Protein chains: 2
Amino acid sequence: MLGAALDLFAEHGVGATSYQMIADRLGVTKAAIYHKFKTKEDLVIAVADMELAKLQDAIEEAEEQGCDTQARELLLARVVDHAVEHRRAAHILQFDPVVVRLLSEHRPFQLFLERLYRALTSGQRDPGTDVQLAIVLSAISGTVTHPLAAQRDDRALRSQLLHGARLLLDLPDSGKRRRPRRVSRPQAS
Amino acid sequence: MLGAALDLFAEHGVGATSYQMIADRLGVTKAAIYHKFKTKEDLVIAVADMELAKLQDAIEEAEEQGCDTQARELLLARVVDHAVEHRRAAHILQFDPVVVRLLSEHRPFQLFLERLYRALTSGQRDPGTDVQLAIVLSAISGTVTHPLAAQRDDRALRSQLLHGARLLLDLPDSGKRRRPRRVSRPQAS
DNA sequence: GTCTATAGAATGATAGAC
DNA sequence: GTCTATCATTCTATAGAC
């Protein structure tokens, strides 16, 4: 049910998705959905929460390791993995105006994102680093649903995104993770 | 009027913006808007067209120069300029599901974007390069409205975006354009 | 061009039967 | 939990006066 809502959010935008649409897709009536979620905001919160929860473990791991370079690397890879595997979700969380407003106003989300940002930047938070982070997160979440990349298979996309993110964040490339496979970037060399 | 529509598109999403909202913001009635735009699609097309037109000259310049490296550099800078100066517009054009669908279905937009993509990649179009382009365009359009970068002043944002884009596209940095000013990226060095 | 007025459909949300 | 039925509100779109 949250999955059906997510699909429709991605197709039409959160603000343009009605209870009726979700009910139709599920083959039930609106009332059945209102029984679980009293308001539309509750529903959106539940969807956002479901997706952000998938990064919870990765953040806690990074925090336990003191957010050093290696921990950043690992967390970054998990963020990329999530975005590639749940493309529409990543897109909505970053770019839908309704969700973005909700994330900025709802306290639990504020705290969660603050933790994510701190872990990804090793705690360094200044305007320059914040923008750098915005660039990386926008690149990841925007690319996975971009018409130019929508057809790209998960593995190749993941590889290119990780490479780009490391470039942008000044992290060493193709270091210790996975087998050192040459990625298909035509202009390299 | 197109400006008012654009603002509301950015605030609520295109699909969630009604004629009534636009009319209220302009201090007129719905009927006045229906007189200019028979359907909502016409209105969205007009808004998208208005913004894309701002890149027309830059693309034509690049094409006249044969889309070589220097022409790519210049066009990239113009794309970044547009995104920074018209943040909400850039965001909507890249990420609103209604606009994205329209751009992919409406013929004139297809052709325009194809030209833009060719000019930015010097004509090289393969899956790997396409994804690279998606990363750069997503990074630019996503960052300009990202909460982490919304406060950043135009000049600093422009500078960081150009630097990041050049990294991603394998272009030489801080080459021939403008005074060679050290950008404020804290972790450099 | 902008207004009033309207038509018909869809919206968010609720009450109560099963 | 899911249904039917209903509420007031808002929506897209049109017709016709000024």
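Both backbone and side-chain heavy atoms feed into the values below; hydrogens, waters and symmetry mates do not. The structure displayed is predicted, hence computed values, not measured ones.
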Gap between atoms NZ and C1', on A/K38 and C/dT14 respectively (whole Å): 10 Å

Residue mapping more 5' on DNA chain C - nearest nucleotide basis, A/A31 or B/V28: B/V28

Spacing of A/Y19 atom OH relative to D/dC3 atom C1', expressed in whole Å: 17 Å

Candidates D/dA13, C/dA15, C/dT2 - which lies nearest the side chain of B/H35: C/dT2

Any B/T29 side-chain nitrogen or oxygen under 4.0 Å from OP1 or OP2 of C/dC3: yes

Sugar-phosphate only, base, or nothing, as touched by A/Y34 at under 4.0 Å among non-hydrogen atoms: base

A/K54 atom NZ, neighbour heavy-atom count above 12 within 6.0 Å: yes

A/R88 side chain near A/E11 side chain, heavy-atom distance below 4.5 Å: no

D/dC11 OP1/OP2 closer than 4.0 Å to side-chain N/O of B/S18: yes

Residue pairs fulfilling ring pair (Phe, Tyr, Trp, His ring centres under 6.0 Å) with at least one residue in residues 66-91 of chain B, sequence neighbours excluded: A/F95-B/H91, B/H82-B/H86, B/H91-B/F95

Nearest-Å distance for atom pair CZ/P, residues A/F37 and C/dT14: 15 Å

A/E41 atom CD, neighbour heavy-atom count above 12 within 6.0 Å: no

B/K40 (side chain) donor-acceptor with B/Y19 (main chain) under 3.5 angstrom: no

B/Q20 side-chain proximity, nearest of D/dC11, D/dT12, C/dG12: D/dC11

Rounded distance (Å) that lies between atom P of D/dC11 and atom NE2 of B/H12: 11 Å

Sugar-phosphate only, base, or nothing, as touched by A/K36 at under 4.0 Å among non-hydrogen atoms: nothing

5' precedence on DNA chain C between B/K30 and B/G27 (nearest-nucleotide basis): B/G27

Distance, rounded to the nearest Å, where A/E41 contributes CD and C/dT11 contributes P: 20 Å

Proximal nucleotide (of C/dT11, D/dC3, D/dC11) relative to the B/M21 side chain: D/dC11

Interatomic distance where CD1 belongs to B/I22 and P belongs to D/dT10 [whole Å]: 17 Å

Distance, rounded to the nearest Å, where A/L43 contributes CG and C/dG12 contributes C1': 12 Å

